[in-house]
Colleague: 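First, the structure itself, so that you have it in front of you.
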Amino acid sequence: MDKLAAIHIQDCHFAYTPESPILHIPSFIVEAGTTVFLRGPSGSGKSTLLQLCTGMLIPQQGQISILGQTISTLSASARDRFRAIHIGVVLQQFNLIDYLSVQDNIKLAQHFAKPEALDKHPDYLDELLKALHLSQNILQQKANALSVGQQQRVAILRALINRPKLLIVDEPTSALDEAAKTGFMEMLFRLQHLTDCTLLFVSHDMRLTQGFDQVIDLADINHIATSSMSTAHTGITTAKIKTAKGAQ
Amino acid sequence: MLFKVALESLKNRRSSVLLTIFALTISISLLLTVEHIRQQAKVSFTRTVSGVDLIVGPRTGSLNLLLFSVYHKGSVGSSMEYSTRALLSQNKNVEWTIPVSLGDTHRGFTVLGTTNDFFQHFKYGLNQPLQIVQGRAFAASNEAVLGATAAKKLGYRLLDGLVLSHGLGSVSFKQHTDFPFKVVGILAATGTPVDETVHIPLQGLAAAHGVKNHTQKSSFTKNIHADKHDHDDEHGHGHGEYHSSAEHQFSSIAPNPKYPLSQISATEPISAIHVGLTNPVAVLSLQQKINQNQEIPLSAILPGIVLNELWQLVSFIEHLLLGIAWLIVVSSCIGLATMLLASMRERTKEIAILRTLGAAPTRIFFLLQIEALGIVLTAILISLMSVTGMLFLLQNWLASTLGLYLTLNLFTLSTSLILLGILAVTCICTLIPAIRGYQDALTNRLQ
């Protein structure tokens with residue numbers, strides 16, 4: 001397939017302070033339309049990588065392309081708009097603004113993506129609600145009145161409302177119990193299929209890897225984590241673990 | 001959408017927001033009140049006299065002469081002779097003159113001895129003439145014309161009687177009871193000291209004083225006794241008891257021929273003369289002539305210029321008050337900024353969410369500015385309403401005790417500028433939390 005990569009990172013260096021570099025990723029590619037499980041324990045530079053992918057941080061060196069757009073060279077405001085329109089993000093917790101209703105939380109996501117991502121399909125929201133087993137009247141409730149599980153599902157809904165091409169999900173299940181986790185993963189895959197987006201799922205919980213096209217260990221792609229401060233660029237570990245897409 | 005987020009966010013932090021609004025309301029109300037009273041005081045101060053080109057009095061300081069002859073405050077000490085009036089009238093540029101004589105009171109209200117020229121020529125505000133709304137001007141020497149407030153507060157109606165007290169001040173032991181006056185006219189309200197004044201003819205003033213001091217005594221007392229028989233019910237009792245005698249208002253308004261407006265004695269002492277000129281250009285040369293007169297020691301002042309000088313003196317305090325009020329507003333705005341800054345800690349999460357959704361850091365900056373402006377605008381609205389309400393309630397009290405005549409309309413150019421200034425101060429003070437929010441948004445981590 002000659003599709004553009006959803007995420008394409010090349011020789012990327014990042015450090016908050018020059019003395020302690022966090023990331024050096026020689027190469028990392030996520031094909032468009034695939035589902036990728038990225039394993040990264042906390043402190044491995046996982047959050048930093050996600051912020052680089054969403055354009056909230058830019059690398060000191062190297063290039064990051066998202067959906068064919070080199071976002072590391074865009075202006076700050078262009079990156080913010082790009083994120084609003086093309087990338088859906090679900091975090092471990094604190095996804096929703098407590099004092100706003102579910103509806104307003106969703107509208108807020110649409111607001112920042114205007115006017116490109118105006119919802120042309122009025123049924124889309126209903127479709128998402130149904131797929132996430134959420135009832136219509138949840139829209140009027142305040143976000144802080146919801147259970148953790150409901151909050152995470154609303155977070156998914158909101159992340160998908162602008163029909164992003166890339167969905168980044170970071171430890172979404174850590175606050176859920178086992179039964180809820182399974183249900184959550186099922187919904188996530190169903191929605192990925194429904195919206196045909198690329199899914200980057202970040203977790204340290206290897207029990208959740210089932211069903212993903214690829215499983216990647218951050219330690220394998222991040223040179224700093226693997227070779228501890230080594231400056232050598234040789235012997236790059238496999239950045240891509242190819243798996244047949246149909247093998248799930 | 002940003003407005004909605006700001007509104008919901010403020011609602012979420014209700015208690016601290018309400019307290020901040022309360023503090024701001026107090027300080028903004030204070031500032032508006034100070035500014036309003038300052039403006040109105042200036043207006044009511046400078047509108048007291050108009051159309052008078054010169055005020056001539058015995059030699060004294062110009063401020064002193066103005067305060068005494070226009071505001072009836074302080075004292076000139078010496079007096080001048082009535083003959084000066086004729087002397088002034090000889091000048092070809094002089095159109096009219098009003099002699100005024102001060103020094104007596106009636107129940108705390110200034111008594112001004114003058115002639116009918118006063119009602120004819122004295123102007124206030126924007127060249128507005130005095131208006132007699134009830135009754136008429138002097139036709140006999142025992143008649144009085146009351147200012148609006150004096151009439152209202154004393155409860156006098158036409159034909160009520162009154163006696164003078166010697167000296168300024170509400171409590172006086174020396175009363176000129178032998179020569180009572182009769183109210184024949186009431187003036188329309190002017191918002192100037194005229195309202196608080198009892199006007200009597202110079203002849204009457206001389207008579208009231210003369211009864212005590214001069215040989216005329218016997219003839220005047222005789223006249224009064226005769227008068228007492230004519231109006232039996234008018235003189236035996238207190239002043240407020242004649243309201244029911246309505247028939248008098250129509251039947252007895254005619255002047256009593258026993259008290260004619262006779263020729264005024266040339267040596268009669270008077271306090272000042274208001275002068276109107278035919279040719280205002282001549283005012284400076286006439287002033288100089290009077291001030292340099294070797295024979296009679298006189299002072300002539302241009303009321304407009306002295307009013308300005310006087311206001312300059314007062315304006316120091318006025319500016320001080322305004323400055324203090326501004327400082328209080330600024331400190332409340334800093335309080336607002338502190339409240340917003342303190343809330344930033346708990347809002348890092350909220351900012352992270354907004355950032356993740358694609359909100360640029362400038363949006364976070366504006367969100368905080370919108371919140372601050374919302375709070376201040378609310379406070380301004382409440383202040384405008386409460387100050388208007390307060391003025392409405394205090395209006396009469398201020399007018400009667402301080403002589404301050406206030407309008408209820410707060411929307412003047414300078415109040416609008418002050419409100420804009422408050423908004424500007426808000427924006428500047430909110431820069432601190434807003435920039436903090438902006439930086440938080442820039443360095444925010446997804447966690």
Side-chain angles (χ1 to χ4, degrees), chain A residues 16 22 42 46-58 75-101 103-114 116-117 142-144 155 158-159 161-162 164 168 170-171 202, chain B residues 1-18 20-21 339-340 342-372 374-375 433-447:
Chain A
Y16 289 106
I22 306 284
S42 44
K46 172 192 74 172
S47 294
T48 308
L49 176 61
L50 292 186
Q51 285 188 80
L52 285 166
C53 289
T54 54
M56 286 168 75
L57 290 175
I58 47 169
S75 73
S77 61
R79 273 182 280 131
D80 289 331
R81 276 202 66 71
F82 186 86
R83 175 170 69 257
I85 297 164
H86 300 293
I87 307 174
V89 182
V90 179
L91 303 177
Q92 186 173 356
Q93 51 180 330
F94 307 135
N95 281 295
L96 305 178
I97 294 182
D98 283 345
Y99 52 79
L100 292 179
S101 68
Q103 184 149 34
D104 286 336
N105 267 289
I106 295 167
K107 276 188 182 162
L108 201 55
Q110 292 173 309
H111 170 76
F112 290 117
K114 269 177 190 170
E116 282 88 338
K142 290 258 192 253
N144 55 10
R158 189 197 47 193
I161 195 72
N162 295 324
I168 295 177
D170 182 15
E171 300 273 17
V202 187
Chain B
M1 195 67 210
L2 218 52
F3 287 97
K4 176 146 197 188
V5 175
L7 180 68
E8 293 293 329
S9 166
L10 290 178
K11 274 202 224 155
N12 191 44
R13 289 172 285 137
R14 222 171 275 117
S15 48
S16 60
V17 168
L18 285 179
T20 311
I21 289 179
M339 187 273 284
L340 287 174
S343 74
M344 292 308 290
R345 195 187 302 274
E346 57 200 82
R347 296 180 77 187
T348 35
K349 174 188 140 189
E350 193 180 313
I351 290 169
I353 295 167
L354 289 169
R355 285 288 287 149
T356 310
L357 293 179
T362 47
R363 296 282 193 114
I364 310 293
F365 179 89
F366 285 124
L367 179 67
L368 283 155
Q369 288 282 8
I370 289 171
E371 286 179 8
I375 288 176
I435 287 174
R436 166 75 190 280
Y438 180 86
Q439 285 170 341
D440 273 9
L442 269 184
T443 58
N444 158 59
R445 298 179 176 206
L446 286 169
Q447 266 154 17

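Below, read A as the first sequence line, B as the second, and so on, with proteins coming before strands; counting in each chain starts at 1.
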Colleague: Contact between Tyr99(A) and Glu350(B) at the side-chain level, heavy atoms closer than 4.5 Å - yes or no?
Modeller: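 Yes. Closest side-chain heavy atoms under 4.5 Å.
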Colleague: Mind listing the closest non-hydrogen atom pair of Met1(B) and Lys107(A) along with its distance?
Modeller: CE-CB, 3.9 Å
Colleague: Chain B heavy atoms under 4.5 Å from Leu96(A): which part of the residue, side chain, backbone, both or neither?
Modeller: backbone
Colleague: To check you understand the geometry: which heavy-atom pair defines the closest contact between Ala84(A) and Gly358(B), and what is its length?
Modeller: CB-CA, 3.8 Å
Colleague: Between Thr362(B) and chain A, which part of the residue has a heavy atom less than 4.5 Å away: side chain, backbone, both or neither?
Modeller: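 For Thr362(B), no heavy atom lies under 4.5 Å from chain A.
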Colleague: Does Arg83(A) use its side chain to pair, donor to acceptor, with the backbone of Arg355(B) at less than 3.5 Å?
Modeller: yes
Colleague: Hey, does Lys4(B) have a side-chain heavy atom less than 4.5 Å from the side chain of Leu108(A)?
Modeller: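 Sidechains of Lys4(B) and Leu108(A): no contact.
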Colleague: Would you name the heavy atoms of Asn95(A) and Ile353(B) that are closest together and state the gap between them?
Modeller: O-CG2, 3.3 Å
Colleague: Just wondering, do Lys349(B) and Asp98(A) contact through their side chains at under 4.5 Å, heavy atoms?
Modeller: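 With C-beta onward as the side chain, the pair touches.
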Colleague: Please report the closest heavy-atom contact between Phe112(A) and Arg363(B), naming both atoms and the distance.
Modeller: CE2-NH1, 3.3 Å
Colleague: Side chains of Asp104(A) and Val5(B), heavy atoms from C-beta outward: is any pair under 4.5 Å?
Modeller: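 No, every pair of side-chain atoms sits at 4.5 Å or beyond.
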Colleague: Ignoring hydrogens, what is the shortest heavy-atom contact between Ala360(B) and Asp80(A)? Give both atom names and the distance.
Modeller: CA-OD2, 3.1 Å
Colleague: Which atom pair, heavy atoms only, marks the closest approach of Leu357(B) to Arg158(A)?
Modeller: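 Smallest interatomic distance, heavy atoms only, reads CD2-NE, 3.5 Å.
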